[in-house]
Amino acid sequence: MSRMRMMPAINSALIEEMDRDKKVILYGEDAGISLLGQTTGLQERFGKDRVRDTPICENIMTGMAVGAAAAGYRPICHLLYGNFIYTGFDSIANQAAKLKYMTGGQITLPIVYMAVIGGGRSAAAQHSDTPYPALMNLGGIKVVVPSSARSAKGLLKAAIRDDNPVFYLTAGSSGKPEEVPDDDFILPIGKAEILREGNDITIVAIGPMVLKAVEASLVLEKIGIHAEVIDLLSLLPIDEETIINSVKKTGRLVIVDEARDVCSAASHIAAIAADKAFNSLKSPVKRVTVDNLAIPYSPILEDQVIPNVENIVNTVRELI
Amino acid sequence: MSRMRMMPAINSALIEEMDRDKKVILYGEDAGISLLGQTTGLQERFGKDRVRDTPICENIMTGMAVGAAAAGYRPICHLLYGNFIYTGFDSIANQAAKLKYMTGGQITLPIVYMAVIGGGRSAAAQHSDTPYPALMNLGGIKVVVPSSARSAKGLLKAAIRDDNPVFYLTAGSSGKPEEVPDDDFILPIGKAEILREGNDITIVAIGPMVLKAVEASLVLEKIGIHAEVIDLLSLLPIDEETIINSVKKTGRLVIVDEARDVCSAASHIAAIAADKAFNSLKSPVKRVTVDNLAIPYSPILEDQVIPNVENIVNTVRELI
Amino acid sequence: MNVNKHNTLDNLSDEKLVELYKKMLLIRKCEEHLSSATKEGAFPGAVHLYIGQEAIAVSMCDHLTEDDWISSTHRGHGHFIAKGGDVNTMMAEIYGKATGICNGKGGSMHVADFKKGIMGANGVVGGGMGLAIGAALAASMDKKNKVSVVFFGDGAANQGVLMEAMNVSSLWKLPLIFVCENNQYSEFTHTSEVTSGKIVDRAKPFGIPTLEVDGNNFIEMWQASAQAVLRARNNQGPTFIEAHTYRQRGHVEFEYSFLSRTYRDQDEVNKWLANDKDPLLRFEQYLFDNSIIDNQKTEALNNEVDSVVKESVSFAVNSPLPDLSSAFNNMIA
Amino acid sequence: MNVNKHNTLDNLSDEKLVELYKKMLLIRKCEEHLSSATKEGAFPGAVHLYIGQEAIAVSMCDHLTEDDWISSTHRGHGHFIAKGGDVNTMMAEIYGKATGICNGKGGSMHVADFKKGIMGANGVVGGGMGLAIGAALAASMDKKNKVSVVFFGDGAANQGVLMEAMNVSSLWKLPLIFVCENNQYSEFTHTSEVTSGKIVDRAKPFGIPTLEVDGNNFIEMWQASAQAVLRARNNQGPTFIEAHTYRQRGHVEFEYSFLSRTYRDQDEVNKWLANDKDPLLRFEQYLFDNSIIDNQKTEALNNEVDSVVKESVSFAVNSPLPDLSSAFNNMIA
Ligand SMILES: Cc1ncc(C[n+]2csc(CCOP(=O)(O)OP(=O)(O)O)c2C)c(N)n1
Ligand SMILES: Cc1ncc(C[n+]2csc(CCOP(=O)(O)OP(=O)(O)O)c2C)c(N)n1
Ligand SMILES: [Mg+2]
Ligand SMILES: [Mg+2]
């Protein structure tokens, strides 16, 4: 165990995996110096051949990953911010998500695309999106969203070893230091974690929203409401079993998602519950999400539109 | 009234609106000759200035619409197939969807992006996607999906007159001839239509799935199940009221959507019901959608993965 | 860069030359079959035929082995065959059968055989660019002198991703060959109407050596390919070839079933069908002139190829449809 | 195309020259304020400063009116001010206030004023390209001799969308001016490390006339701008200007609070801060040499500009925060 924040945890996962497997390569804009800290020191350690600074050209970056993966490598394509996923979306949606299926399974595509997502940093509309809904709908892509330094490490190692294209999306800020296992620590993709047990209501939260959900559960506890908090971790495949079992126990569900509401992961989880846990539901399924807007710049406005602890608490109280 | 199929109906809407308003311009690859028939004859009628053949360059095409709209025009950007929306996704997601909001409402962006969607034509993975979920999540874009020649005309005219970016997505095949009003016929964006009334279950269907839902309702009628069939028409804004009122009446809901299931319009509608019509629901909310895959080529496989009448009937029968 | 113009192929044996001719003939005859079969509704999807461009794929691929990579376009049957793809499984794929190279999941626009270095036809114009760059990156890291070739159209040359690919490949000296097959049309628009300047010139500012060739002249195209492949194998970086050619058929076969008007003169088309323009007839003439084939040999070759095509069609026709459950194979796992 | 080098600006009145100098000074001083204010945490977001590039925006925008369009980059304050944007509302925007030009919704990376033809700073590298082409298309259809200018960086020149924009603008003879501000860096990477060849050359194959200028030389840049704008107004189509300059500050202000190491030598930076390199000092010297300003005048101008900046800051500081409900304005409707 070491105490570290999220970016160093990501960095350690990258180092361990690149040490382990020579076929893992990484590239991105300023990957060498590392704008956000995930890739710091990698170029010095693994050389400019395996860790490449690219020009600014997201279209070829995302497509190149597909070609390199088909030709035997395990590329990690670093896209900086979630919004630039849109810039390179063509090859993600039309090639990475489809090539295996449409060629009858001739290849596997062990690709990791990484980026940071979400607001809260006054980075405004074009640097604050939470774009996973678009990715989740593509059909041929896995999506993971770690919530902590520990899960960031465990899921990244799993993503790198996965034979499918995986989007690896984390919050832009590095969070608090916490204990992260040193050794070969893998969190399986597709498995959610129950962070707090409770019998009154299930709160499913994603990535940056997990901490807020936990905080909300502490507030709720004080007024006698025992919430079960699920850290979803993987958005696709989604751990339906953990969600459904929890809802069967609690009978109530609130989903907290920093994505815009329409066709969000929250919508999808609500749909799963309304289908597969229907008979256990005692009250409406609620979503705490972002409205049909872009993330504004001014902190006071950003705070208005991004779900906060109070929103979660109030939503739960509406139901109980 | 005239009898016409969908493509001619679209064509007539374009002619009427371009006649009416000189600021309406249209461009796309082969817009002059028209691959799919929507724009046939427009270049001859309105000239090469207002109806332009573009090079193949979806990135600039989608972005150019934003600039031209901000500068006072009402551009219609024809993107051929839904999959090429991904190719031009950057400006759609980062500019069209955000520019009004992030500049504090300085401008309106009266843009229509059009494309055909869906499978059923053995056009395979890269020409058969139903990409509206990604668009619906962008926050600053309207999405309409007509289901018939009549709604194709009425919604296109509304889309052209709308001051927001609107995605106008229709099936690739032109359907059967039907009666279409000749005069200035507008269908308001955001309004669903109840095609068949019924008390036992609500079936919400989108675009190419509407006809199948109607057919399914006829089959169900024979066994005494009276389904209410809703043609959603607009996906964003979504007509929550019509859906909720119907579910309040029937107590049951099935959504039929040709998009892949995860984060689909179907998921979102299920989520709305699980929230706002929860107390009326008598059974699980079911989705009839496409799995996590790309649309395959062979018709026999395509038929397996795209929802059909039998799937709808069986799903309804599971519930009643 | 200039093509080393010998105007002969005397470094190739007669057998080899005949084999290359046969490959062109095989592409031609496969496509001709598909043309007539599509009108009969013999298979489900649409086909974009390579007729008139055969010299390009065949001459380039003659310099490649199965370890090298190619990526192709929606007009991809010719590249598939030229790179050694199996005609039976290609035909079965187009017929949507279980025995198809993609098990009936891909169809005409996605015929691929990664084991043979064929990264596939591609339905997205410009979509092969990323695949080819990625394979070239892999090749350069493998250090085994493998090369990667991206075939793309004149229309595709207007996609920005080309510029990104040129910049990256030149920067990293990737063993990549750009082959722009300028067949003069982007769907139904003469490409000159949507293209500024000359395509081949676009590579120059990136420091990429360029070759502009008559793509219907097998010899010229073969020699240009030899040069480009040599550069790539010797780690000298990318080369850009613009091969002028002509799309003899419609953009998509049977297009007048839906187009409302014509878009080019039949005279223009006829000019390109003539002996002095058609790449197959021109290569045939060369072989005649050099006494490598004669009428008898040609007839024999035609018969041979006819039976290969016939066999592939009967393989396709007689193959079973895909198992229904296979629709749910090959998903992410 | 060559810049018509007169090495003088004698077609401009002294007052006009002083006004232009003042505009450069205003940009410089606004940015210097933002630099120190960001370290104090005076406003919420990050800022990318234009210091060292002022001559480019000011000289180009001198040829434009409010009817003309510009689109800009993440480094957009200079363009905003040069095109006539209001400093108070810009400052308030960066401070996240209700009185900001975007009501506090956009911040530094999105300062825009469409009424003045400022389509805004843009957080997506290459994102201004589409906006500018669209405005140029509108201008060309309006037939009122309006022009559109896209400012972009050397890093942005590697985005494929540039090629698409060059092709379309040349094809349609749009009144568009490409201004590539080559400040030598893309974030923390020297652009030469990620760029093949010379950027300006990329326009040539599209038949777009090019001008390569010392962007820190106000006169040269002003004359190049005059030529390009004239061409655009006369419906002669696009022009591509590469203006060589230097990013005196970090990519983003206060970057060593998070970067793990340096990426350029202080010597290099110092060289560009010197009298013979800095565009403001050079233009000042020119005005001195031509007796247009003297020490006294300079001091007065400095004081004047200082008070404009000061006023803008106090306007920003004293403005109210946005109304909470305004977060839900300006959505689609
Ligand atoms: C991204 C994208 N945009 C548009 C299309 C539609 N389309 C298919 S082929 C084609 C023309 C391609 O022309 P060219 O590259 O010259 O290839 P050719 O057909 O001549 O072989 C177009 C526009 C597409 N498939 N993909
Ligand atoms: C599409 C996209 N990719 C990456 C980034 C991150 N980014 C912001 S500025 C920048 C460098 C831009 O360099 P240049 O165009 O030269 O402009 P300069 O900063 O030098 O003014 C990068 C990579 C971005 N904002 N948008
Ligand atoms: Mg072509
Ligand atoms: Mg720069």
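All chains are named by letter (A, B, ...) in the order of the sequence lines, taking the proteins before the strands, and each is independently numbered beginning at 1.
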Next item on the list: Heavy atoms only: give me the nearest D:A138-B:A71 pair and the separation to one decimal.
Entry: CB-CB, 3.5 Å

Notebook entry, point to check: Tell me, side chain or backbone of B:L236 under 4.5 Å from chain D's heavy atoms, or both, or neither?
Noted result: side chain

Item checked: Pairing residues for B:Y168 by the ring pair (Phe, Tyr, Trp, His ring centres under 6.0 Å) criterion, not counting sequence neighbours -> none

Next item on the list: Counting only heavy atoms closer than 4.5 Å, note whether D:V124 contacts chain B via side chain, backbone, both or neither.
Entry: side chain

Checklist line | Contact winner vs chain D - B:I56, B:I107, B:V66, heavy-atom pairs under 4.5 Å | finding: B:I107

Notebook entry, point to check: Where on D:L171 is there a heavy atom nearer than 4.5 Å to chain B: the side chain, the backbone, both, or neither?
Noted result: side chain

Check: Who among B:G104, B:A69, B:G63, B:P75 has the most heavy-atom pairs with chain D under 4.5 Å?
Finding: B:G104

Next item on the list: Indicate the atoms forming the closest heavy-atom contact of D:I332 with B:G139, along with that distance.
Entry: CG1-O, 4.1 Å

Checklist line | Option that, when pairs with chain B are counted at under 4.5 Å, heavy atom only, ranks first among D:G120, D:A112, D:G106 | finding: D:A112

Item checked: Region of B:A70 in contact with chain D, defined by heavy-atom distances below 4.5 Å -> both

Check: What part of B:L109 lies closer than 4.5 angstrom to a heavy atom of chain D: side chain, backbone, both or neither?
Finding: neither

Next item on the list: Count the heavy-atom pairs under 4.5 Å between each of D:I101, D:V111, D:L131 and chain B, then report the option with the highest count.
Entry: D:L131

Margin query: Is it the case that over 12 heavy atoms from other parts of the model lie below 6.0 angstrom from the CD atom of B:E241?
Written below: no

Note to self: Please classify the contact between B:I25 and chain D as side chain, backbone, both or neither, with a heavy-atom cut-off of under 4.5 Å.
What the structure shows: side chain

Are there any donor-acceptor pairs closer than 3.5 angstrom between chain B and chain D, and if so, which ones?
unit_1 : atom_1 : unit_2 : atom_2 : d
B:N59  : N      : D:E164 : OE1    : 3.4
B:I60  : N      : D:E164 : OE1    : 2.9
B:Y73  : OH     : D:D142 : N      : 3.4
B:Y73  : OH     : D:D142 : OD1    : 2.5
B:Q95  : OE1    : D:N122 : ND2    : 3.1
B:Q95  : NE2    : D:N122 : OD1    : 3.0
B:K100 : NZ     : D:M331 : O      : 3.0
B:Y101 : OH     : D:A327 : O      : 2.6
B:M102 : O      : D:G106 : N      : 3.4
B:Q106 : OE1    : D:F114 : N      : 2.8
B:Q106 : NE2    : D:I101 : O      : 3.1
B:Q106 : NE2    : D:A112 : O      : 2.8
B:K142 : NZ     : D:A333 : O      : 3.2
B:N164 : OD1    : D:A333 : N      : 3.2
B:N164 : ND2    : D:A333 : O      : 2.2

Next item on the list: Answer with side chain, backbone, both or neither: which region of D:A98 has an atom nearer than 4.5 Å to a non-hydrogen atom of chain B?
Entry: neither

